[in-house]
Amino acid sequence: MALLLWLSLSLVVGVQSSGVRNCHPRCHCEVESFGLFDSFSLTRVDCRGLGPDASMPIPIPLDTSHLDLSSNDMGPLSDAVLAGPGYTTLVSLDLSSNRINKVSPDALSKLRYLESLDLSHNNLESLSPSCFSGLPLAEVDLSHNNFQEFSMDVFASKVNSEPLSVDLSHNKLVSVSTNLHGKVVHIQSVNLSLNLLVNIPSMVGLPLRYLNLDSNPITKIKEGAFNQLKDLAYLSLSGLHELQDVEPNSFKGLENLQVLDLSNNPKLKSLSPAVFSGLNSLQELNLAGSGVVSLPMNMLTHLPSIRSITLGQSIHCWRTQKQGQFHRQMGHVEHNEVLQCNEEGIVL
Ligand SMILES: *[C@@H]1O[C@H](CO)[C@@H](O)[C@H](O)[C@H]1NC(C)=O
């Protein structure tokens with residue numbers, strides 16, 4: 001009992017914020033230690049909005065794992081900015097709101113443990129094909145930039161066939177990777193909302209789980225646009241004000257997709273049932289604020305896992321048991337299920 005108590009006490013997270021060595025006077029540094037004997041620690045450094053006279057690279061403590069450098073008016077990201085000691089251990093880095101319009105091909109190359117990168121709210125139009133090369137990036141936020149087109153090839157590392165080690169100081173397993181045309185790819189989450197994309201970027205075979213393409217001037221979603229994204233669980237295609245057409249089989253291949261957000265696409269007037277072909281795991285479909293006002297009767301056969309569909313202003317539809325069929329037999333459940341909405345005349 002005493003041992004248990006001691007064990008659970010020593011597992012409690014300890015936070016130490018004063019006296020972190022090599023903390024820049026205008027940054028806020030915090031060390032979180034946890035585990036038995038405080039054997040693991042995480043150093044978080046917050047250097048947001050340091051002002052125009054801050055000279056880069058900002059010195060940060062050795063072993064820093066999370067760094068926030070947002071709102072520092074950095075401009076083009078040169079090789080020198082992220083090169084100091086302490087940077088090599090970063091697991092996450094926030095470079096949002098910095099007027100970054102260019103990332104030098106080697107600017108991030110020292111960050112060999114970097115898993116999460118926020119480059120949102122910048123002025124990027126393109127990225128050099130090798131700028132993420134060799135990084136175990138799993139999550140990238142590129143929202144609020146000026147991309148007119150985007151090549152997912154930036155996430156494929158050219159070399160890097162050595163197995164990534166398990167880094168216990170971050171108490172975290174380096175994420176599972178997928179092999180794409182002989183290249184190692186870790187990327188799981190990409191946010192490209194609020195850019196200038198006119199087409200869906202090509203993403204064949206990426207291990208993505210989350211993809212956000214909201215608020216881009218995309219006019220059409222073509223057959224096979226999301227081909228082979230079999231791990232994708234969440235797809236957001238909301239606020240596409242120019243979107244008029246979603247071709248049949250557009251979502252084919254998204255066999256694990258659970259949530260599809262097609263809300264606030266006012267020019268999208270109709271969807272043929274074949275649009276939903278292949279969405280066998282889809283549970284939630286959001287069509288609120290789109291031009292789609294009715295659903296085909298046979299929707300459930302196209303979306304066998306669907307639980308909820310939203311459309312119009314506040315119309316909700318859900319799967320329910322057909323009235324009067326109380327004696328359902330095991331194995332024949334599907335035949336008795338229908339889509340019911342909180343308004344009449346939606347399911348045609
Ligand atoms: C994607 O970006 C948008 C706009 O910056 C933001 O509102 C949204 O929360 C982001 N999604 C995730 C999962 O971070």
Side-chain angles (χ1 to χ4, degrees), residues 44 46 48-49 65-74 77 90-101 103 108 111 114-127 132 135-152 154-155 172 175-176 185-201 203 206-218 221 225-226 229 231-243 251 254 256-266 281-290 310:
R44 290 178 195 277
D46 177 353
R48 271 178 289 175
S65 41
H66 301 280
L67 174 61
D68 186 347
L69 278 175
S70 62
S71 308
N72 279 310
D73 224 343
M74 289 176 171
L77 198 63
L90 288 180
V91 172
S92 87
L93 174 61
D94 187 344
L95 293 173
S96 62
S97 304
N98 269 306
R99 296 181 210 264
I100 297 172
N101 53 3
V103 178
L108 300 160
L111 315 184
L114 196 68
E115 292 176 14
S116 168
L117 176 62
D118 189 345
L119 276 168
S120 66
H121 292 87
N122 280 299
N123 304 329
L124 290 166
E125 288 175 24
S126 64
L127 287 173
F132 300 144
L135 313 182
L137 272 183
E139 195 181 326
V140 176
D141 191 342
L142 291 164
S143 64
H144 255 287
N145 275 285
N146 301 327
F147 290 101
Q148 290 182 304
E149 46 185 50
F150 190 81
S151 167
M152 296 279 175
V154 291
F155 300 119
K172 176 167 188 182
S175 50
V176 186
V185 186
H186 308 264
I187 195 71
Q188 296 189 354
S189 164
V190 174
N191 195 340
L192 276 165
S193 72
L194 288 148
N195 274 282
L196 303 170
L197 300 173
V198 276
N199 289 306
I200 306 281
M203 293 167 285
L206 289 180
L208 283 182
R209 299 175 60 80
Y210 172 92
L211 176 63
N212 188 328
L213 293 171
D214 291 356
S215 308
N216 277 284
I218 294 168
I221 299 177
F226 301 99
L229 289 181
D231 298 314
L232 198 68
Y234 192 107
L235 175 58
S236 197
L237 295 168
S238 169
L240 308 180
H241 293 283
E242 303 305 319
L243 182 67
F251 303 115
L254 297 177
N256 285 304
L257 194 71
Q258 294 178 17
V259 179
L260 175 58
D261 189 346
L262 280 168
S263 63
N264 300 313
N265 297 331
S281 306
L282 195 71
Q283 299 183 5
E284 242 181 271
L285 173 62
N286 190 351
L287 288 165
S290 76
T310 313

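Indexing begins at 1, ligand by ligand and atom by atom, following the structure's order.
- Ser120 does not count as a contact of ligand 1, since none of its heavy atoms falls under 4.0 Å from the ligand.
- At a distance under 4.0 Å, a protein heavy atom can be found next to atom 11 (N) of ligand 1.
- Close N/O approach between Ser143 and ligand 1 is found [any backbone or side-chain N/O within under 3.5 Å].
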Test side chain to side chain donor-acceptor pair (under 3.5 Å) applied to Ser120 and His144, step by step:
CA-CA 6 Å; Ser120 66; His144 255 287; over 6 Å; no
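- Atom 13 (C) of ligand 1 has as its closest protein heavy atom Tyr210 OH, 3.2 Å.
- Using a 4.0 Å threshold on non-hydrogen atoms, atom 7 (O) of ligand 1 does not count as touching the protein.
- Taking the six-membered ring where the residue is Trp, Phe132 and Phe155 present parallel rings, their angle staying beneath 30° rather than reaching 60°.
- When only interatomic distances are considered, the shortest N/O to N/O separation between His144 and ligand 1 does not fall below 3.5 Å.
- Close approach of ligand 1 to Ser193 (heavy-atom distance below 4.0 Å) involves ligand atoms 1 (C), 2 (O), 3 (C), 4 (C).
- Polar contact with ligand 1: present for Asn191 (N/O pair, distance under 3.5 Å).
- Taking every heavy atom of Asn212 and a limit of under 4.0 angstrom, the matching atoms of ligand 1 come to 1 (C).
- Side-chain atoms of Leu69 and Met74, non-hydrogen and from C-beta on, do get closer than 4.5 Å to each other.
- Between the side chains of Ser263 and Ser238, at least one donor N or O sits under 3.5 Å from an acceptor N or O.
- When all heavy atoms of Asp214 and Ser236 are compared, the closest pair comes out as OD1-OG, 2.8 Å.
- Between His241 and Asn264, the closest heavy-atom pair is CE1-O, 4.2 Å.
- A donor-acceptor pair under 3.5 Å links the side-chain atoms of Asn265 to the main chain of Gly239, judged by distance alone.
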